[in-house]
Amino acid sequence: MGIKETMNRGVSRRNFLTGAALAGVAAAGAGLAGCSPAANSSEKEPAASAAVDSGNPAWLGAEPEIASSDIKNTEETDFLIIGAGTAGMCAAGTAADLGMNFILAEKNSKVTETREYWGIVNSKAALAQGGQVDGLKLMNELTRYASGKCNQDVIKMWIDESAEMFDWIDPMMQAAGKQVVVDMPGDHQTGGTDYMLPVLQHVYLTPYSEPMRNDVLLSLVQDKAADSVRFGYELVKLVHDEGKVTGAIFKTSDGYTQVNAKNTLLATGGYPANPTMMQALQPAAVGCCTSSSYNPADDGVGLKAGLWAGGVKDPDAAPMIFDRGAVEVGVDAGYVGKGDDAAFPGTIYQENIGSQPFMKVNRNGVRFANESTPYDTFCFQAGQQPGGVWCQIFDGNASDDILRFSTIGCSAFANQMMAAGMPVEEFVATSRDTGYLKKADTIEELADELGFEGDAKKAFLEQVDRYNQQYDAQVDDDYGKEAYRLSAIRTAPFYGLWFGGTLLTTIDGLRINGECQVLGENDEPIEGLYAAGDVSGSFFSGNYPEYIVGCASGRSSTQGRHVARKLAGDL
């Protein structure tokens, strides 16, 4: 299955025309709460029916042709920002702060939700707590995660400028009643080997209460440049000619609107909500996921528009998958249904306990990998198992186990809840209430509840005995999991829960340089076109580096601010 690569140049529209044979089915599932699609998002793009004639793969399709007579409105601006997410709002807030002439165009009716944690390198708050990070070591660690398929200048820009970005926005967050906490990871071995655990994650207290970061930035924009915001502007295509982008065309409630701009920033997110693109470009991710927590507006239109305008895509996939897609017994990973109507089968978008390193087995009742690795590592291991799913087992001592496991990142939410005295059954209340969580007084009864029969049940019971022996010996001689992340399975009640991965987003996109300029086939910048956040590439490849906590949100924010500052002459 393949996307043709031209050396290491990435994937461009021309590459596809000269040799890509891509499958094009399947779909994305339910979206993240609080992020509503545009009212007209169910309408097909004009390009869809022309995909065959264009010679492009099905997921890319032909660039829409909009007649000049169909343009009902025209606007002019110096700086067009497409997308009001993590990157776009930092760009818009900076542009407003610097008095730039800009337009922020968002297809939804409001700014998108932010996760109130992000990776910041060597902020004043972190340094005050002894959290200094060796920036060049961090750059090389990220390069190792990506197997070298990245641009170190892009990574270094985030490392060098994220602290300044944080200094700019943190006073606004404090004024809104949001106080930052610097996550200080423990100094311990992780994942059976020595991963780098830099001090990066900065979390705002009461993270899911309003106002969130994008709300704060929107207030800044509305205070200083209220006339610059356009909601209900759905991107159709970029306006481009001979390697230069001069704006974009949007579908609005009043018809097509063309915005002419000296410079345009794509900040439209990834493509997890686009079924055809996911199946064609990320089959391994689809094959191990059972649920989703993406923004349903992230349909890949920005990436396609950038390719139509001459940009080049990262050649390899890079999904962000969390190990939290709880499902009922017997459910397989992968899409259910076909085409744009397909969806992942799970209805629980994230069951946090799935990220805890309890014993996990496949449908044959046996362990198959180290459970103490980055989120997506275990998901991809499961993708090679029957049904692409796994079962997690824990007992009545789970609360103490979770505290001892001492995980980092957002999985540490479980630690915090256990420390606050929350019962495990309350922590997994959604799975309990839906019946996904199985509970029994004996391991034999639990095996029956979890669907193990015959040889699989026998193997499962033997696996529990073996795991208890490994706990007693404090040695995992099968997969090398750290001793402190082993746990006994002896104290009733006993619990089991089936999981697959949860697809959060995609982080492979348009290739950019250190200035966030979109690159064409010869690595030359496309004049007037920038990309930031998940629609951009050159940072990740193959995986999301989970132990570099918050790096995706941090780089998106920093990139958005960088582009605005660069265009304003503030750098």
Side-chain angles (χ1 to χ4, degrees), residues 1-24 45 47 51 54-63 82-83 87 146-151 154-155 235 237-238 240 243 245 264-286 298-320 505-513 516-526 529-544 552 555-556 559:
M1 170 171 289
I3 298 171
K4 182 177 179 181
E5 296 182 25
T6 304
M7 300 298 286
N8 67 341
R9 295 292 184 186
V11 179
S12 67
R13 193 178 73 85
R14 183 175 298 174
N15 293 157
F16 287 123
L17 295 177
T18 57
L22 298 173
E45 294 179 16
S54 71
N56 289 347
W59 68 262
L60 179 57
E63 183 174 34
I82 307 175
S147 299
K149 301 171 185 177
C150 58
N151 184 326
V154 174
I155 296 172
L235 177 65
K237 60 180 291 186
L238 296 171
H240 61 94
V245 169
T264 298
L265 171 65
L266 286 170
T268 52
Y271 55 91
N274 186 305
T276 305
M277 292 181 73
M278 283 301 303
Q279 185 68 14
L281 301 176
Q282 305 232 23
V286 171
D298 287 353
D299 58 5
V301 66
L303 174 57
K304 292 194 291 185
L307 288 171
W308 291 327
V312 174
K313 180 191 172 299
D314 287 333
D316 293 339
M320 189 182 292
T505 190
T506 58
I507 46 179
D508 53 306
L510 296 165
R511 284 199 162 176
I512 59 174
N513 60 19
C516 298
Q517 295 172 291
V518 175
L519 302 177
E521 288 189 63
N522 297 316
D523 287 338
E524 291 294 326
I526 296 174
L529 183 60
Y530 296 80
D534 294 348
V535 72
S536 71
S538 303
F539 199 107
F540 304 102
S541 181
N543 60 73
Y544 169 60
R555 63 102 195 203
S556 297
Q559 286 175 340

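Bear in mind the structure is a predicted one, so any value in this text is a computation, not a measurement.
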Side chains of Tyr271 and Gln282 only: does a donor on one sit below 3.5 Å from an acceptor on the other? yes
With Asn513, which residues qualify under side chain to side chain contact (heavy atoms under 4.5 Å, CB included), at least two apart? Glu515, Gln517, Leu519, Pro525
How long is the straight-line distance from CG of Leu303 back to CG of Leu281, given to the nearest 0.5 Å? 8.0 Å
For Lys237, side chain to side chain donor-acceptor pair (under 3.5 Å) partners two or more places apart: none
Does Asp316 offer a backbone N or O that forms a donor-acceptor pair with the side chain of Asp314 under 3.5 Å? no
Can you name the ring pair (Phe, Tyr, Trp, His ring centres under 6.0 Å) partners of Phe539, sequence neighbours left out? Trp158
Partners meeting salt bridge (charged side-chain N to carboxylate O under 4.0 Å, His left out) with Asp508 (sequence neighbours left out): Lys313
Non-hydrogen side-chain atoms of Leu266 and Leu238 separated by less than 4.5 Å: yes
Let me see the working for Val154 and Gln559 under side-chain contact (heavy atoms from CB on, under 4.5 Å), right down to the final yes or no. CA-CA 9 Å; Val154 174; Gln559 286 175 340; 3.7 Å; yes
How far apart are the C-alpha atoms of Asn151 and Ile512, what are their side-chain angles, what is the distance that settles it, and do they pass the side-chain contact (heavy atoms from CB on, under 4.5 Å) test? CA-CA 8 Å; Asn151 184 326; Ile512 59 174; over 6 Å; no
Side chain to side chain contact (heavy atoms under 4.5 Å, CB included) filter on Ala146, not counting sequence neighbours, yields Cys150, Ser541
Pairwise distance OG1(Thr506) to OH(Tyr544) - rounded to 0.5 angstrom: 14.0 Å
Check against side-chain contact (heavy atoms from CB on, under 4.5 Å), Ile526 and His240: CA-CA 10 Å; Ile526 296 174; His240 61 94; over 6 Å; no
Does some side-chain heavy atom of Ile507 sit less than 4.5 Å from a side-chain heavy atom of Arg555? yes
Quick check: closest heavy atoms across Ser556 and Gly533, and the distance to 0.1 Å? OG-CA, 3.2 Å
CH2 on Trp59 to CD on Gln279, rounded to 0.5 Å: 14.0 Å
Separation between OG1 (Thr268) and NZ (Lys304), nearest 0.5 Å, reads 11.0 Å
What residues, two or more places apart in sequence or in another chain, satisfy side chain to side chain donor-acceptor pair (under 3.5 Å) together with Thr505? Asp534
Heavy atoms only: give me the nearest Leu307-Gly311 pair and the separation to one decimal. CD2-O, 3.3 Å
Taking side chain as C-beta onward, heavy atoms only, is Arg511 less than 4.5 Å from Pro315? yes
For the atom pair CG (Leu529) and CG (Leu510), what is the distance rounded to the nearest 0.5 Å? 7.5 Å
Treating Asp299 as the side-chain partner and Val301 as the backbone partner, does any N or O pair qualify as donor plus acceptor under 3.5 Å? yes
